[in-house]
There are 2 protein chains.
Amino acid sequence: MGIVRKTKSVKLLLNEFDKNSSAISVITLIERLSLKMNKTTVYRVLDKLEEDKILHSFLGKNGYKWYAKCNGCSVSGHQDAHPHFQCSDCGKVDCLPTNILIPKIPNRKVDISQVLLQGKCDDCYV
Amino acid sequence: MGIVRKTKSVKLLLNEFDKNSSAISVITLIERLSLKMNKTTVYRVLDKLEEDKILHSFLGKNGYKWYAKCNGCSVSGHQDAHPHFQCSDCGKVDCLPTNILIPKIPNRKVDISQVLLQGKCDDCYV
DNA sequence: TTACATTTGCAACCAAGTTGCATTAATGGC
DNA sequence: GCCATTAATGCAACTTGGTTGCAAATGTAA
Ligand SMILES: [Mn+2]
Ligand SMILES: [Mn+2]
Ligand SMILES: [Zn+2]
Ligand SMILES: [Zn+2]
């Protein structure tokens with residue numbers, strides 16, 4: 001069961017994703033909202049927002065969990081299997097609209113493909 | 001500084017990778033060698049073997065660390081930027097010889113690309 | 001065999017994420 | 001608006017992958 005009640009915590013979290021177009025790590029959210037809600041609540045609300053296909057999650061550079069807004073996903077499934085880019089300098093993470101072509105792998109049935117690119121973002125590129 | 005002394009721990013770990021062609025998670029190695037060496041030693045030796053380009057590491061499904069033998073890498077750098085495949089049924093992980101083409105990303109300089117494919121392996125595919 | 005730097009074990013620690021449970025608060029019916 | 005119901009929250013304790021500091025052990029070159 002996803003989100004049922006529009007609680008203060010739900011609104012606060014959605015607001016973070018509205019004012020910021022890039023992905024946000026759970027760590028950052030917990031810290032940023034530490035005065036407004038408990039970390040357990042952050043985890044639980046994000047979990048439900050993902051269930052509802054409002055957000056999608058993925059693992060960043062060190063295995064930490066990140067979330068970003070979905071784009072054209074319905075409750076029947078996530079549509080946006082896009083790569084993510086993390087800047088090795090500033091740590092910022094973005095969803096890339098690019099499509100990565102995964103070739104057929106012999107003897108294996110691929111269901112999920114997770115692509116994390118690392119390098120320098122525009123701001124950090126000298 | 002990488003491996004300097006061929007200690008018992010180094011030999012034991014290398015032996016695990018010799019008798020097994022797929023990748024091995026640190027968790028598995030710690031458990032499998034628990035009677036022979038301390039988990040701290042497992043982490044430290046693996047670290048050095050990676051420095052020496054004998055092994056390479058990557059993060060699996062839940063952000064856990066995995067290691068696999070390198071293939072044609074020299075101390076000057078890892079050559080094998082290949083995708084990894086993890087079976088969602090049995091959990092086994094393999095290095096894929098396949099090459100994934102990463103398209104040019106505007107406004108970003110890509111240094112590392114990390115691809116984790118998930119699905120069913122040959123053994124688990126009905 | 002000896003000397004000495006490297007490696008190891010151990011125990012304590014760190015931090016991301018989870019769980020159980022009592023309390024609080026959103027919501028629909030009246 | 002008020003109440004009853006039940007979802008959502010806070011909190012504290014826990015789990016666990018990974019790290020650190022340091023004293024003891026061990027590999028190696030002379
Ligand atoms: Mn995304
Ligand atoms: Mn590999
Ligand atoms: Zn940057
Ligand atoms: Zn399998």
Side-chain angles (χ1 to χ4, degrees), chain A residues 1-17 23-68 75 84 86 91 93 114 116, chain B residues 1-17 23-52 54-68 75 84 86 91-93 114 116:
Chain A
M1 182 175 38
I3 295 281
V4 173
R5 297 179 183 179
K6 274 266 178 194
T7 65
K8 195 148 60 160
S9 307
V10 171
K11 286 174 197 157
L12 280 167
L13 274 167
L14 284 176
N15 182 48
E16 289 299 316
F17 287 93
I24 319 178
S25 71
V26 179
I27 303 292
T28 302
L29 287 168
I30 288 172
E31 201 207 317
R32 201 182 285 173
L33 298 170
S34 63
L35 300 174
K36 307 247 179 81
M37 57 194 296
N38 188 271
K39 72 168 176 172
T40 312
T41 306
V42 174
Y43 280 109
R44 289 196 274 223
V45 171
L46 290 173
D47 212 50
K48 290 184 177 177
L49 288 172
E50 182 166 31
E51 224 180 296
D52 289 341
K53 268 70 187 178
I54 292 166
L55 301 179
H56 62 275
S57 76
F58 55 95
L59 301 183
K61 199 165 50 128
N62 302 114
Y64 297 156
K65 208 165 189 183
W66 289 71
Y67 280 88
V75 191
H84 294 103
Q86 179 156 30
V93 176
Q114 197 183 112
L116 180 67
Chain B
M1 182 176 37
I3 296 282
V4 174
R5 298 179 180 175
K6 275 267 176 189
T7 64
K8 194 150 60 162
S9 306
V10 171
K11 286 174 197 159
L12 279 167
L13 275 166
L14 284 176
N15 182 48
E16 289 300 315
F17 286 93
I24 318 179
S25 71
V26 180
I27 303 294
T28 302
L29 287 168
I30 288 172
E31 201 206 318
R32 201 181 285 173
L33 298 170
S34 63
L35 300 174
K36 307 245 180 85
M37 57 194 296
N38 190 270
K39 72 168 177 173
T40 310
T41 306
V42 174
Y43 280 109
R44 290 196 274 223
V45 170
L46 290 172
D47 213 49
K48 290 185 176 178
L49 287 172
E50 182 165 31
E51 224 181 294
D52 289 340
I54 293 166
L55 301 179
H56 63 274
S57 76
F58 56 92
L59 301 183
K61 199 165 49 131
N62 302 114
Y64 297 157
K65 208 165 189 185
W66 289 70
Y67 280 88
V75 191
H84 293 104
Q86 180 156 29
K92 204 174 81 174
V93 176
Q114 196 183 113
L116 180 67

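FYI, side chains are in, hydrogens and waters are out, and symmetry mates aren't considered; it's all heavy atoms of this structure. Residue numbers start from 1 in every chain, and the chains themselves are labelled A, B, ... in the order their sequence lines are given, proteins ahead of strands.
A straight line from OH of B:Y43 to C1' of D:dT20 spans 14 Å, rounded to a whole angstrom. Atom C1' of nucleotide D:dA8 and atom CG of A:L46 are separated by 14 Å, given to the nearest angstrom. Between the OH atom of B:Y64 and the C1' atom of D:dT19 there is a distance of 17 Å, rounded to whole Å. B:N38 has its CG atom 14 Å from the C1' atom of D:dG21, to the nearest Å. Rounded to whole angstrom, the span from the CG atom of A:L35 across to the P atom of D:dC11 amounts to 12 Å. Residue B:I30 contributes atom CD1, which lies 7 Å from atom P of D:dG18 at whole-angstrom precision. For the pair B:R44 CZ and D:dG21 P, the computed distance is 11 Å after rounding to whole Å.
Using a 4.5 Å cut-off on side-chain heavy atoms (C-beta onward), B:L49 and B:Y67 make no contact. The side-chain heavy atoms of A:E16 and A:T28, taken from C-beta on, include no pair separated by under 4.5 Å. With a 4.5 Å cut-off on side-chain heavy atoms, A:L29 and A:F17 count as touching. Between B:V45 and B:L12 the shortest side-chain heavy-atom distance does not fall below 4.5 Å.
A distance of 14.5 Å separates NZ of A:K39 from CG of A:L33, quoted to the nearest 0.5 Å. Residue B:T41 holds its OG1 atom at 10.0 Å from CD1 of B:I30, rounded to the nearest 0.5 Å. One distance of note links NZ of B:K65 with CG of B:D47; it measures 6.0 Å at 0.5 Å rounding.
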| remark: Protein-proximity profile, nucleotides 24-30 of chain D, B/S/- by nucleotide at the 4.0 Å heavy-atom cutoff, equals --BBS--
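For A:L59 against B:N62, the heavy-atom pair with the smallest separation is CD1-C, 3.8 Å.
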| said: Between A:M37 and A:V42, is the side chain to side chain contact (heavy atoms under 4.5 Å, CB included) condition met? List the steps. | reply: CA-CA 7 Å; A:M37 57 194 296; A:V42 174; 4.0 Å; yes
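Contact annotation: A:T40 side-chain N/O to D:dT9 OP1/OP2 distance is not under 4.0 Å.
Interface limits on DNA chain C: the 5'-most and 3'-most nucleotides within less than 4.0 Å of chain B heavy atoms are C:dA5 to C:dA11.
Backbone-only engagement by A:I27 is indicated by non-hydrogen atom pairs under 4.0 Å involving sugar-phosphate atoms exclusively. Residue contacts shown for A:K11 are absent, as no nucleic acid heavy atom lies under 4.0 Å away. Residue A:K65 is in sugar-phosphate contact alone, with no base atom involved, counting any heavy-atom pair closer than 4.0 Å across all strands shown.
Comparing the start and finish of the helix from C:dT1-D:dA30 to C:dC30-D:dG1, five pairs each, the helix axis swings through 30°, to the nearest 10 degrees.
Formation of a donor-acceptor pair under 3.5 Å by the A:N38 side chain with backbone atoms of A:T40 is found in this model. Although no hydrogens or angles enter the test, the distance criterion places a donor-acceptor pair under 3.5 Å between the side chain of B:Q86 and the main chain of B:K61.
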